[in-house]
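Per chain, numbering begins at 1; letters A, B, ... match sequence-line order. Keep in mind that this is a model prediction, so the values were computed, not measured.
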Number of protein chains: 2
Amino acid sequence: MTPETLSRREQNKAATRESIVAAALGLARERGLGAFTVEDIAESAGVSRRTFFNYFTSPEEAIAAPTFGFLDRALERLGDRPDEPLLDSALTVIYGLADNDLIAPMAESFLVAHGHEPVARFQLQAFEECREKIVAAIRGRGGADSLDGLYVHALAACVISCGKSALEVWMAERGGDLAPSSLARLRELLTASITHLKSGFAV
Amino acid sequence: MTPETLSRREQNKAATRESIVAAALGLARERGLGAFTVEDIAESAGVSRRTFFNYFTSPEEAIAAPTFGFLDRALERLGDRPDEPLLDSALTVIYGLADNDLIAPMAESFLVAHGHEPVARFQLQAFEECREKIVAAIRGRGGADSLDGLYVHALAACVISCGKSALEVWMAERGGDLAPSSLARLRELLTASITHLKSGFAV
DNA sequence: TTTCCTTCTTGCACTGAGTGCAAACTTGCA
DNA sequence: TGCAAGTTTGCACTCAGTGCAAGAAGGAAA
């Protein structure tokens with residue numbers, strides 16, 4: 001958790017942010033999305049309405065925050081493996097993502113947001129930002145100089161698409177169940193989707 | 001335009017919708033996104049503020065409307081070719097999309113929205129809805145019964161990703177220029193991205 | 001044309017999102 | 001301890017978004 005490296009200020013900010021997200025997710029679970037106000041979230045998080053808006057510009061953004069966090073962590077891990085073909089790195093990273101601590105908050109955010117367009121749009125934005133960062137990561141790799149922009153963009157987009165598809169199929173099948181057998185199934189789906197991609201979706 | 005098949009009522013509604021979208025895009029072009037209110041759009045479109053909200057739930061949705069329209073048209077064409085491998089249909093359909101009337105409003109919406117997250121989220125939603133419809137379309141094809149859910153989801157997502165990547169590279173290169181040579185370049189990019197996908201992004 | 005029904009538009013009133021500002025408070029550092 | 005920088009809060013304001021009911025316009029009949 002690297003708590004010692006953060007100043008008191010940073011710890012406080014992180015804690016405030018956490019409590020806002022938790023409050024928003026809790027209300028969404030209890031009452032359903034759209035059935036509460038920013039005032040409610042702020043009160044439940046123990047901060048003022050104004051402070052909520054210092055952290056998020058809308059309730060939807062707060063609900064979707066875990067998805068951004070999850071994908072950011074995934075990207076860190078991708079950056080740790082720069083000397084490998086992207087699809088191989090993707091397989092390894094993605095495999096390691098099916099891990100309780102990383103995936104639990106995201107699964108909750110996903111479940112709560114399911115079918116709710118205003119929040120789903122933010123989830124899509126999270127994947128889009130991740131895609132853009134993958135483009136940058138590919139560019140930063142050795143031997144990528146010769147690749148044209150289209151190749152890099154499309155490859156990054158397809159890697160994201162495959163990971164997202166596996167997550168969606170898993171959520172549909174298991175509803176975010178975090179039991180070991182369910183996480184094993186997620187790994188299987190993630191591996192299979194990247195394998196499809198590598199084979200050009202040959203039947 | 002098929003004007004005779006629509007009743008007066010339907011013509012009026014379509015015209016109102018058009019004028020709202022045009023007004024929103026016009027204001028975005030003149031003043032920039034976020035620098036005008038719904039009141040401004042309504043006034044510019046010659047309707048009441050309340051009527052705006054009968055058509056769209058936010059200014060962002062109105063700005064992104066052409067992207068939804070573009071992708072809906074693309075899907076119609078995909079539905080016209082049910083007896084072909086999906087990637088072949090995608091190539092044909094996508095090729096036909098690089099056509100002035102279809103692409104012009106979408107290009108304008110894309111340009112205006114560039115880098116503006118609230119609108120970009122709606123654009124992403126448009127692609128996401130298109131993806132879901134492609135999943136349904138694949139399911140409706142012959143010989144698709146044996147395909148598992150993951151394969152279908154991931155394939156649809158990758159087709160969308162490749163089309164979107166080609167559009168983005170084209171917008172970045174040509175800024176939505178609609179000259180024949182520019183549209184030829186778009187077709188080239190669309191073809192190349194699907195070719196990459198078919199080859200599993202082999203270098 | 002008149003009549004009646006349905007659909008669309010509008011005005012009004014209201015809740016609540018989102019933001020700028022300045023005062024109060026907390027932390028970091030000397 | 002005291003000052004500088006960062007954070008929270010309250011206040012006031014604009015404007016997004018919605019429910020409702022009255023009015024305008026289209027459609028189909030006599």
If I take atom [atom1] in residue [X] and atom [atom2] in nucleotide [N], what distance separates them, rounded to the nearest angstrom?
| X | N | atom1 | atom2 | value |
| --- | --- | --- | --- | --- |
| A:E39 | D:dC11 | CD | C1' | 13 Å |
| B:R49 | D:dC20 | CZ | P | 17 Å |
| A:D40 | C:dT15 | CG | P | 15 Å |
| A:E43 | D:dT8 | CD | P | 18 Å |
| B:N54 | D:dG19 | CG | P | 11 Å |
| A:R50 | D:dA12 | CZ | P | 15 Å |
| B:E60 | C:dA17 | CD | C1' | 13 Å |
| A:L6 | D:dG6 | CG | P | 17 Å |

Which part of the nucleic acid, if any, lies within reach of [X] when heavy atoms closer than 4.0 Å are counted: base, sugar-phosphate only, or nothing?
| X | result |
| --- | --- |
| A:R8 | sugar-phosphate |
| A:F52 | nothing |
| A:N12 | sugar-phosphate |

Report task. Consider the side chain of A:S48, meaning its heavy atoms from C-beta on, and name the nucleotide among C:dG16, C:dT10, D:dT9 that approaches it most closely. Result ->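 Per side-chain heavy atoms of A:S48, the pick is D:dT9.
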Phosphate oxygens OP1/OP2 of [N]: is one of them under 4.0 Å from a side-chain N or O of [X]?
| X | N | answer |
| --- | --- | --- |
| A:T57 | C:dA17 | no |
| B:S7 | D:dG27 | yes |
| B:Y55 | C:dT9 | yes |
| B:T16 | C:dT9 | yes |
| A:T51 | D:dT9 | yes |

Report task. Could you tell me whether the side chains of A:S161 and B:S161 share a donor-acceptor contact shorter than 3.5 Å? Result ->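 The answer is yes; a qualifying pair exists.
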Query raised in the report: Quick one: on DNA chain D, does A:K13 or B:F56 contact a more 5' nucleotide (nearest heavy atom)?
Result: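 By nearest-heavy-atom nucleotide position, the 5'-most residue is A:K13.
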**Report entry** A:H114 atom NE2, over 12 foreign heavy atoms within 6.0 Å
**Finding:**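 No.
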Query raised in the report: More than 12 foreign heavy atoms under 6.0 Å from CD of B:E43: is that the case here?
Result: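 Open.
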Query raised in the report: With a 3.5 Å cut-off and just heavy-atom distances, do the side chain of A:R9 and the base of D:dT7 make a donor-acceptor pair?
Result: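 A donor-acceptor contact between them is absent.
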Report task. Please name the residue in the list A:I41, A:I63, A:V21 that meets the side-chain contact (heavy atoms from CB on, under 4.5 Å) test with A:F56. Result ->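 Considering A:I41, A:I63, A:V21, a side-chain contact (heavy atoms from CB on, under 4.5 Å) with A:F56 is found only for A:V21.
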**Report entry** Euclidean distance, B:I94 CD1 relative to B:C162 SG, rounded to 0.5 Å
**Finding:**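 The CD1 atom of B:I94 is 8.0 Å from SG of B:C162, to the nearest 0.5 Å.
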